[in-house]
Amino acid sequence: MLPQLLFASVLGCALAAPTSRQVSPLSRKSTCTNPLVRKAWHTLTPAEKKAYIDAELCLMNTPGNLGLRGAKSKYDEFQAVHVYQSEIAHGVGQFFPFHRLYLHAHELTLRSTCNYTGTQPYWDETLDAGSFSTSSVLADFGGDGLSTERCISPTASPFGNIVLSIGPGYRLSQHCIQRSVSDPSSLSASPAFVADCLSKETYLQFWACAEARPHSAGHGGVGAQMMNPVSSPGDPLFYLHHAFLDKIWADWQAQEGKREQRLKEIGGNNRPVAFNFTDGPRFPPPTGGEFPGGGVMPPMFGGPGFGEPGDLVRPADVPEPIVMGDNGGNTTTLNQVMQMYGIVPNQTIAEIMDIQGDVLCYEYE
Ligand SMILES: *[C@@H]1O[C@H](CO)[C@@H](O)[C@H](O)[C@H]1NC(C)=O
Ligand SMILES: *[C@@H]1O[C@H](CO)[C@@H](O)[C@H](O)[C@H]1NC(C)=O
Ligand SMILES: *[C@@H]1O[C@H](CO)[C@@H](O)[C@H](O)[C@H]1NC(C)=O
Ligand SMILES: *[C@@H]1O[C@H](CO)[C@@H](O)[C@H](O)[C@H]1NC(C)=O
Ligand SMILES: [Cu+2]
(Lines give C-alpha, C1' and ligand atoms only; values in the text may rest on other atoms or scores of the structure.)
(Ligands and ions follow the chains in the order given, each with its own letter.)
Protein backbone atom coordinates (compact mmCIF):
# COMPACT_ATOMS: atom_id res chain seq x y z
CA MET A 1 0.00 0.00 0.00
CA LEU A 2 1.32 3.43 -0.86
CA PRO A 3 0.69 6.68 0.92
CA GLN A 4 -1.77 8.83 -0.85
CA LEU A 5 -0.15 11.79 -2.42
CA LEU A 6 -1.05 15.37 -2.13
CA PHE A 7 -1.32 16.26 -5.73
CA ALA A 8 -2.12 19.87 -6.13
CA SER A 9 -2.05 22.14 -9.09
CA VAL A 10 1.27 23.86 -9.04
CA LEU A 11 1.78 27.35 -10.27
CA GLY A 12 5.47 27.34 -9.54
CA CYS A 13 7.72 30.06 -10.78
CA ALA A 14 11.18 29.18 -12.04
CA LEU A 15 13.25 27.48 -9.39
CA ALA A 16 15.21 30.21 -7.75
CA ALA A 17 18.12 29.12 -5.62
CA PRO A 18 19.61 32.24 -4.11
CA THR A 19 22.47 31.69 -1.76
CA SER A 20 23.73 33.78 1.08
CA ARG A 21 27.26 33.85 -0.28
CA GLN A 22 27.05 37.36 -1.68
CA VAL A 23 25.98 38.93 1.59
CA SER A 24 28.56 41.44 2.69
CA PRO A 25 30.41 40.47 5.86
CA LEU A 26 29.84 44.04 7.01
CA SER A 27 26.13 43.38 7.35
CA ARG A 28 26.81 40.65 9.89
CA LYS A 29 28.19 40.71 13.35
CA SER A 30 28.54 36.97 13.69
CA THR A 31 31.73 35.02 14.23
CA CYS A 32 31.14 32.93 11.11
CA THR A 33 33.90 33.84 8.71
CA ASN A 34 34.77 30.52 7.11
CA PRO A 35 31.54 28.56 6.58
CA LEU A 36 31.57 24.83 5.90
CA VAL A 37 30.27 24.16 2.39
CA ARG A 38 27.57 21.51 2.22
CA LYS A 39 27.35 19.89 -1.20
CA ALA A 40 24.90 17.74 -3.11
CA TRP A 41 25.79 14.05 -2.87
CA HIS A 42 25.91 13.52 -6.64
CA THR A 43 28.59 16.23 -6.95
CA LEU A 44 30.95 14.58 -4.45
CA THR A 45 34.06 12.79 -5.64
CA PRO A 46 34.30 9.04 -4.95
CA ALA A 47 36.80 9.83 -2.19
CA GLU A 48 34.42 12.35 -0.60
CA LYS A 49 31.56 9.87 -0.74
CA LYS A 50 33.69 7.18 0.84
CA ALA A 51 34.81 9.54 3.60
CA TYR A 52 31.21 10.35 4.49
CA ILE A 53 30.08 6.72 4.48
CA ASP A 54 33.10 5.67 6.50
CA ALA A 55 32.34 8.39 9.04
CA GLU A 56 28.71 7.29 9.33
CA LEU A 57 29.87 3.68 9.78
CA CYS A 58 32.24 4.93 12.47
CA LEU A 59 29.30 6.56 14.34
CA MET A 60 27.40 3.29 14.04
CA ASN A 61 30.35 1.39 15.49
CA THR A 62 31.24 3.83 18.27
CA PRO A 63 29.55 3.06 21.61
CA GLY A 64 27.18 5.73 22.88
CA ASN A 65 27.69 7.29 26.29
CA LEU A 66 24.71 9.58 26.83
CA GLY A 67 22.44 7.00 28.48
CA LEU A 68 19.62 7.51 26.01
CA ARG A 69 16.85 4.93 25.80
CA GLY A 70 17.82 1.92 23.69
CA ALA A 71 20.92 3.60 22.23
CA LYS A 72 24.01 1.43 21.90
CA SER A 73 26.03 3.47 19.40
CA LYS A 74 26.61 7.17 18.82
CA TYR A 75 24.47 6.75 15.72
CA ASP A 76 21.65 5.27 17.84
CA GLU A 77 21.85 8.30 20.12
CA PHE A 78 20.74 10.54 17.28
CA GLN A 79 17.83 8.25 16.61
CA ALA A 80 16.96 8.26 20.33
CA VAL A 81 16.78 12.07 20.42
CA HIS A 82 14.43 12.02 17.45
CA VAL A 83 12.28 9.40 19.19
CA TYR A 84 12.07 11.56 22.35
CA GLN A 85 11.14 14.69 20.46
CA SER A 86 9.18 13.39 17.49
CA GLU A 87 5.81 14.47 18.88
CA ILE A 88 6.88 18.10 19.09
CA ALA A 89 9.20 18.20 16.08
CA HIS A 90 6.76 17.49 13.24
CA GLY A 91 3.62 19.30 12.23
CA VAL A 92 4.77 22.17 14.45
CA GLY A 93 6.48 25.54 13.98
CA GLN A 94 9.85 24.21 15.14
CA PHE A 95 9.87 21.52 12.45
CA PHE A 96 12.54 23.35 10.43
CA PRO A 97 14.59 24.71 13.36
CA PHE A 98 14.62 21.37 15.20
CA HIS A 99 15.90 19.47 12.19
CA ARG A 100 18.43 22.19 11.39
CA LEU A 101 20.04 21.89 14.82
CA TYR A 102 19.77 18.10 14.71
CA LEU A 103 21.60 17.99 11.35
CA HIS A 104 24.25 20.30 12.72
CA ALA A 105 24.76 17.94 15.67
CA HIS A 106 25.17 15.06 13.23
CA GLU A 107 27.72 16.93 11.11
CA LEU A 108 29.61 18.09 14.19
CA THR A 109 29.75 14.59 15.69
CA LEU A 110 30.98 13.01 12.44
CA ARG A 111 33.77 15.55 12.48
CA SER A 112 34.60 15.44 16.20
CA THR A 113 34.15 11.71 16.87
CA CYS A 114 35.09 10.17 13.55
CA ASN A 115 37.79 12.47 12.22
CA TYR A 116 35.59 13.38 9.27
CA THR A 117 36.89 16.46 7.49
CA GLY A 118 33.99 16.85 5.07
CA THR A 119 30.53 18.32 5.61
CA GLN A 120 26.94 17.10 5.74
CA PRO A 121 25.96 16.31 2.14
CA TYR A 122 22.40 16.70 0.89
CA TRP A 123 20.32 14.71 -1.56
CA ASP A 124 19.19 16.99 -4.37
CA GLU A 125 15.85 15.24 -4.65
CA THR A 126 14.63 17.60 -7.35
CA LEU A 127 16.78 15.52 -9.71
CA ASP A 128 15.23 12.22 -8.64
CA ALA A 129 11.62 13.16 -7.97
CA GLY A 130 9.37 10.46 -9.41
CA SER A 131 12.32 8.13 -9.98
CA PHE A 132 13.87 7.43 -6.60
CA SER A 133 14.21 3.77 -7.57
CA THR A 134 16.88 4.61 -10.14
CA SER A 135 18.60 7.33 -8.08
CA SER A 136 22.37 7.04 -7.78
CA VAL A 137 22.05 8.43 -4.25
CA LEU A 138 19.79 5.55 -3.26
CA ALA A 139 22.18 3.10 -4.94
CA ASP A 140 25.18 4.52 -3.05
CA PHE A 141 23.30 3.91 0.22
CA GLY A 142 22.35 0.34 -0.58
CA GLY A 143 19.29 0.63 -2.83
CA ASP A 144 15.78 -0.57 -2.15
CA GLY A 145 14.85 -3.17 0.45
CA LEU A 146 14.63 -6.78 -0.68
CA SER A 147 11.86 -9.38 -0.44
CA THR A 148 9.21 -9.22 2.24
CA GLU A 149 11.48 -8.12 5.08
CA ARG A 150 12.63 -5.12 3.01
CA CYS A 151 16.20 -5.28 4.38
CA ILE A 152 18.78 -3.61 2.16
CA SER A 153 21.24 -6.00 0.55
CA PRO A 154 23.90 -7.18 3.00
CA THR A 155 26.46 -7.28 0.21
CA ALA A 156 25.52 -4.37 -2.08
CA SER A 157 25.66 -1.77 0.66
CA PRO A 158 28.21 -0.57 3.18
CA PHE A 159 25.24 -0.39 5.59
CA GLY A 160 23.94 -3.87 4.75
CA ASN A 161 25.21 -5.48 7.94
CA ILE A 162 24.19 -2.71 10.29
CA VAL A 163 21.87 -3.80 13.08
CA LEU A 164 19.71 -1.00 14.45
CA SER A 165 18.52 -1.15 18.06
CA ILE A 166 15.83 1.52 17.99
CA GLY A 167 12.55 1.26 16.15
CA PRO A 168 10.30 0.79 14.40
CA GLY A 169 8.60 3.71 16.07
CA TYR A 170 8.99 3.64 19.86
CA ARG A 171 9.72 -0.08 19.87
CA LEU A 172 13.21 -1.28 20.71
CA SER A 173 14.21 -4.17 18.46
CA GLN A 174 17.25 -5.42 16.59
CA HIS A 175 16.66 -4.97 12.88
CA CYS A 176 18.26 -4.20 9.54
CA ILE A 177 17.87 -0.94 7.57
CA GLN A 178 14.61 -1.41 5.69
CA ARG A 179 13.35 0.40 2.60
CA SER A 180 10.32 0.18 0.39
CA VAL A 181 10.90 2.64 -2.41
CA SER A 182 7.91 4.34 -4.00
CA ASP A 183 8.50 6.42 -7.11
CA PRO A 184 5.02 8.04 -7.04
CA SER A 185 5.55 9.16 -3.43
CA SER A 186 8.81 10.87 -4.40
CA LEU A 187 7.09 13.11 -6.96
CA SER A 188 6.43 15.98 -4.57
CA ALA A 189 10.18 16.72 -4.39
CA SER A 190 10.00 17.93 -8.00
CA PRO A 191 11.46 21.32 -8.99
CA ALA A 192 7.91 22.65 -9.46
CA PHE A 193 6.84 21.67 -5.94
CA VAL A 194 10.02 23.09 -4.42
CA ALA A 195 9.63 26.32 -6.40
CA ASP A 196 6.04 26.59 -5.22
CA CYS A 197 7.17 26.37 -1.58
CA LEU A 198 9.97 28.89 -2.18
CA SER A 199 7.41 31.31 -3.61
CA LYS A 200 5.43 31.42 -0.34
CA GLU A 201 5.44 34.77 1.38
CA THR A 202 5.18 33.83 5.05
CA TYR A 203 6.97 31.25 7.18
CA LEU A 204 3.66 29.59 7.98
CA GLN A 205 2.88 29.12 4.32
CA PHE A 206 6.43 28.06 3.48
CA TRP A 207 6.62 25.57 6.35
CA ALA A 208 3.25 23.98 5.64
CA CYS A 209 4.13 23.63 1.96
CA ALA A 210 7.64 22.29 2.45
CA GLU A 211 6.87 19.89 5.30
CA ALA A 212 3.93 18.40 3.43
CA ARG A 213 5.47 18.20 -0.04
CA PRO A 214 9.27 17.83 -0.43
CA HIS A 215 9.53 16.54 3.14
CA SER A 216 6.89 13.86 2.58
CA ALA A 217 8.48 13.00 -0.76
CA GLY A 218 11.75 11.88 0.79
CA HIS A 219 10.14 9.90 3.58
CA GLY A 220 7.43 8.29 1.45
CA GLY A 221 9.74 7.82 -1.52
CA VAL A 222 12.30 5.79 0.46
CA GLY A 223 9.62 4.17 2.60
CA ALA A 224 9.68 1.62 5.45
CA GLN A 225 12.04 2.91 8.18
CA MET A 226 12.19 6.34 6.51
CA MET A 227 8.40 6.55 6.55
CA ASN A 228 8.25 6.13 10.30
CA PRO A 229 7.74 9.56 11.88
CA VAL A 230 9.40 8.47 15.14
CA SER A 231 12.39 6.30 14.16
CA SER A 232 13.18 7.45 10.61
CA PRO A 233 16.78 8.53 11.41
CA GLY A 234 17.60 4.81 11.52
CA ASP A 235 18.09 5.15 7.76
CA PRO A 236 21.28 7.07 6.98
CA LEU A 237 19.46 8.65 4.01
CA PHE A 238 17.47 10.60 6.61
CA TYR A 239 20.40 12.99 7.04
CA LEU A 240 20.80 13.66 3.32
CA HIS A 241 17.06 14.17 2.98
CA HIS A 242 16.81 16.60 5.88
CA ALA A 243 19.85 18.50 4.64
CA PHE A 244 17.95 18.96 1.37
CA LEU A 245 15.01 20.39 3.36
CA ASP A 246 17.31 22.61 5.40
CA LYS A 247 18.75 23.96 2.16
CA ILE A 248 15.26 24.76 0.93
CA TRP A 249 14.56 26.69 4.16
CA ALA A 250 17.93 28.48 3.90
CA ASP A 251 17.19 29.37 0.26
CA TRP A 252 13.78 30.71 1.26
CA GLN A 253 15.33 32.75 4.08
CA ALA A 254 18.03 34.19 1.82
CA GLN A 255 15.77 35.49 -0.92
CA GLU A 256 16.58 38.89 -2.31
CA GLY A 257 15.18 41.66 -0.18
CA LYS A 258 13.58 39.28 2.34
CA ARG A 259 16.57 38.11 4.29
CA GLU A 260 16.49 40.49 7.27
CA GLN A 261 12.82 39.72 7.85
CA ARG A 262 13.05 35.98 7.32
CA LEU A 263 16.00 35.47 9.68
CA LYS A 264 13.57 36.51 12.43
CA GLU A 265 10.39 34.98 11.11
CA ILE A 266 9.02 31.96 12.96
CA GLY A 267 5.55 30.87 14.04
CA GLY A 268 3.10 28.03 14.04
CA ASN A 269 1.68 25.74 16.68
CA ASN A 270 3.82 24.00 19.32
CA ARG A 271 1.73 20.86 19.31
CA PRO A 272 0.53 19.23 16.13
CA VAL A 273 -3.14 20.07 15.87
CA ALA A 274 -5.19 16.94 16.57
CA PHE A 275 -1.97 14.97 16.61
CA ASN A 276 -2.54 11.43 15.42
CA PHE A 277 0.28 9.51 13.75
CA THR A 278 -2.09 6.94 12.32
CA ASP A 279 -4.10 9.62 10.68
CA GLY A 280 -1.06 11.67 9.70
CA PRO A 281 0.18 14.82 11.47
CA ARG A 282 -2.08 17.79 10.89
CA PHE A 283 -0.98 21.26 10.05
CA PRO A 284 -2.46 24.59 10.96
CA PRO A 285 -5.48 25.52 8.90
CA PRO A 286 -4.21 26.57 5.50
CA THR A 287 -3.88 30.28 5.11
CA GLY A 288 -3.34 30.30 1.39
CA GLY A 289 -5.33 27.32 0.24
CA GLU A 290 -2.21 25.18 0.25
CA PHE A 291 -3.81 22.05 1.53
CA PRO A 292 -6.54 20.27 -0.20
CA GLY A 293 -8.33 18.28 2.49
CA GLY A 294 -7.58 20.60 5.40
CA GLY A 295 -3.85 20.29 5.82
CA VAL A 296 -3.32 16.62 6.54
CA MET A 297 -0.16 14.71 5.69
CA PRO A 298 -0.50 11.50 3.71
CA PRO A 299 -1.86 8.74 5.93
CA MET A 300 0.72 6.49 7.50
CA PHE A 301 0.80 2.80 6.82
CA GLY A 302 2.21 -0.33 8.39
CA GLY A 303 4.69 -2.90 7.18
CA PRO A 304 8.35 -3.87 7.63
CA GLY A 305 10.44 -0.99 8.89
CA PHE A 306 7.40 1.15 9.43
CA GLY A 307 6.06 -1.21 12.07
CA GLU A 308 2.58 -1.56 13.47
CA PRO A 309 0.32 1.34 14.44
CA GLY A 310 0.92 0.42 18.11
CA ASP A 311 4.62 1.20 17.64
CA LEU A 312 3.63 4.83 17.28
CA VAL A 313 2.00 5.02 20.71
CA ARG A 314 4.48 6.57 23.13
CA PRO A 315 5.26 4.07 25.91
CA ALA A 316 5.55 4.98 29.58
CA ASP A 317 9.35 4.97 29.56
CA VAL A 318 9.47 7.81 27.03
CA PRO A 319 8.61 11.01 28.86
CA GLU A 320 6.03 13.28 27.30
CA PRO A 321 8.06 15.89 25.45
CA ILE A 322 7.71 19.39 26.78
CA VAL A 323 8.11 22.63 24.91
CA MET A 324 10.76 24.70 26.67
CA GLY A 325 10.83 28.46 26.87
CA ASP A 326 7.60 29.11 25.07
CA ASN A 327 6.04 31.34 27.75
CA GLY A 328 3.30 28.78 28.26
CA GLY A 329 1.80 29.73 24.95
CA ASN A 330 0.81 27.64 22.02
CA THR A 331 2.67 29.61 19.39
CA THR A 332 6.24 28.86 18.35
CA THR A 333 8.57 31.74 19.21
CA LEU A 334 12.24 32.53 18.71
CA ASN A 335 12.77 31.95 22.46
CA GLN A 336 11.79 28.31 22.31
CA VAL A 337 14.59 25.96 23.36
CA MET A 338 15.25 22.89 21.27
CA GLN A 339 16.20 19.91 23.41
CA MET A 340 19.06 17.80 22.14
CA TYR A 341 19.75 15.50 25.12
CA GLY A 342 23.50 15.94 24.90
CA ILE A 343 24.21 15.28 21.22
CA VAL A 344 24.80 19.03 21.05
CA PRO A 345 23.90 21.78 23.55
CA ASN A 346 20.26 22.90 23.55
CA GLN A 347 19.75 26.10 21.60
CA THR A 348 16.96 28.58 21.13
CA ILE A 349 15.39 28.90 17.74
CA ALA A 350 16.76 32.45 17.55
CA GLU A 351 20.30 31.13 17.71
CA ILE A 352 19.99 28.88 14.68
CA MET A 353 17.86 31.01 12.37
CA ASP A 354 21.00 32.11 10.55
CA ILE A 355 23.14 29.30 9.13
CA GLN A 356 25.99 31.78 9.30
CA GLY A 357 25.58 33.00 12.84
CA ASP A 358 27.41 32.30 16.07
CA VAL A 359 26.18 28.73 16.54
CA LEU A 360 26.01 27.56 12.94
CA CYS A 361 28.51 28.33 10.23
CA TYR A 362 27.83 26.70 6.89
CA GLU A 363 26.41 27.31 3.45
CA TYR A 364 24.95 25.22 0.66
CA GLU A 365 26.27 25.00 -2.85
C1 LIG B 1 41.01 10.18 15.01
O2 LIG B 1 42.34 10.65 14.94
C3 LIG B 1 43.04 10.50 16.17
C4 LIG B 1 44.39 11.19 16.04
O5 LIG B 1 45.03 10.79 14.87
C6 LIG B 1 43.17 9.01 16.47
O7 LIG B 1 43.81 8.84 17.70
C8 LIG B 1 41.77 8.41 16.56
O9 LIG B 1 41.86 7.02 16.74
C10 LIG B 1 40.97 8.69 15.32
N11 LIG B 1 39.59 8.26 15.54
C12 LIG B 1 38.92 7.54 14.65
C13 LIG B 1 37.53 7.17 15.06
O14 LIG B 1 39.38 7.18 13.59
C1 LIG C 1 -6.36 8.35 14.52
O2 LIG C 1 -6.65 8.22 13.15
C3 LIG C 1 -7.18 6.92 12.83
C4 LIG C 1 -7.34 6.87 11.30
O5 LIG C 1 -8.08 7.94 10.84
C6 LIG C 1 -8.49 6.71 13.57
O7 LIG C 1 -9.00 5.43 13.29
C8 LIG C 1 -8.24 6.83 15.07
O9 LIG C 1 -9.47 6.74 15.75
C10 LIG C 1 -7.57 8.15 15.39
N11 LIG C 1 -7.21 8.17 16.79
C12 LIG C 1 -7.51 9.18 17.60
C13 LIG C 1 -7.04 9.06 19.02
O14 LIG C 1 -8.12 10.17 17.22
C1 LIG D 1 -3.21 26.73 24.45
O2 LIG D 1 -4.16 25.86 23.83
C3 LIG D 1 -5.00 25.19 24.79
C4 LIG D 1 -5.82 24.18 24.02
O5 LIG D 1 -6.44 24.78 22.93
C6 LIG D 1 -5.84 26.23 25.51
O7 LIG D 1 -6.65 25.59 26.47
C8 LIG D 1 -4.88 27.21 26.22
O9 LIG D 1 -5.63 28.24 26.81
C10 LIG D 1 -3.91 27.82 25.24
N11 LIG D 1 -2.92 28.61 25.98
C12 LIG D 1 -2.60 29.85 25.67
C13 LIG D 1 -1.60 30.52 26.56
O14 LIG D 1 -3.08 30.42 24.70
C1 LIG E 1 18.28 20.65 27.55
O2 LIG E 1 17.13 19.88 27.35
C3 LIG E 1 17.03 18.76 28.20
C4 LIG E 1 15.89 17.91 27.75
O5 LIG E 1 14.69 18.54 27.97
C6 LIG E 1 16.89 19.23 29.62
O7 LIG E 1 16.83 18.11 30.48
C8 LIG E 1 18.08 20.06 29.97
O9 LIG E 1 17.89 20.63 31.26
C10 LIG E 1 18.29 21.17 28.96
N11 LIG E 1 19.55 21.79 29.24
C12 LIG E 1 19.66 23.10 29.33
C13 LIG E 1 21.03 23.61 29.63
O14 LIG E 1 18.73 23.86 29.19
CU1 LIG F 1 12.07 14.36 11.92
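For ligands, and for the atoms within them, numbers begin at 1 and follow the listed sequence. Just the heavy atoms: all of them, side chains too, but no hydrogens, waters or symmetry mates, feed the values below.
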Quick note on ligand 1: atoms under 4.0 Å from a heavy atom of T113 include exactly 13 (C)
**Prompt:** Does the protein put a heavy atom under 4.0 Å from atom 14 (O) of ligand 1?
**Reply:** yes
**Study point:** Stacked cation flag R38 on Y362, 6.0 angstrom / 45 deg
**Key:** yes
min-distance N/O/S atom, H99 vs the Cu ion (ligand 5), resolves to NE2
Scanning both residues in full, the closest heavy-atom pair of P319 with R314 reads O-CD, 3.8 Å
inquiry  = At a threshold of 2.8 Å, where the distance has to be below it, does the Cu ion (ligand 5) have an N, O or S atom of H90 nearby?
reply    = yes
* Determine, for D54 against K50, whether the closest basic-nitrogen to carboxylate-oxygen distance falls under 4.0 angstrom. => yes
shortest atom 2 (O) of ligand 1-to-protein heavy-atom contact is with N115 ND2, 2.2 Å
Query raised in the report: Does a donor on one side chain sit under 3.5 Å from an acceptor on the other, for D246 and Y364?
Result: yes
Nearest heavy-atom approach of V81 to Q339 is CG1-O, 4.1 Å
Atom 7 (O) of ligand 1: any protein heavy atom closer than 4.0 Å:
no
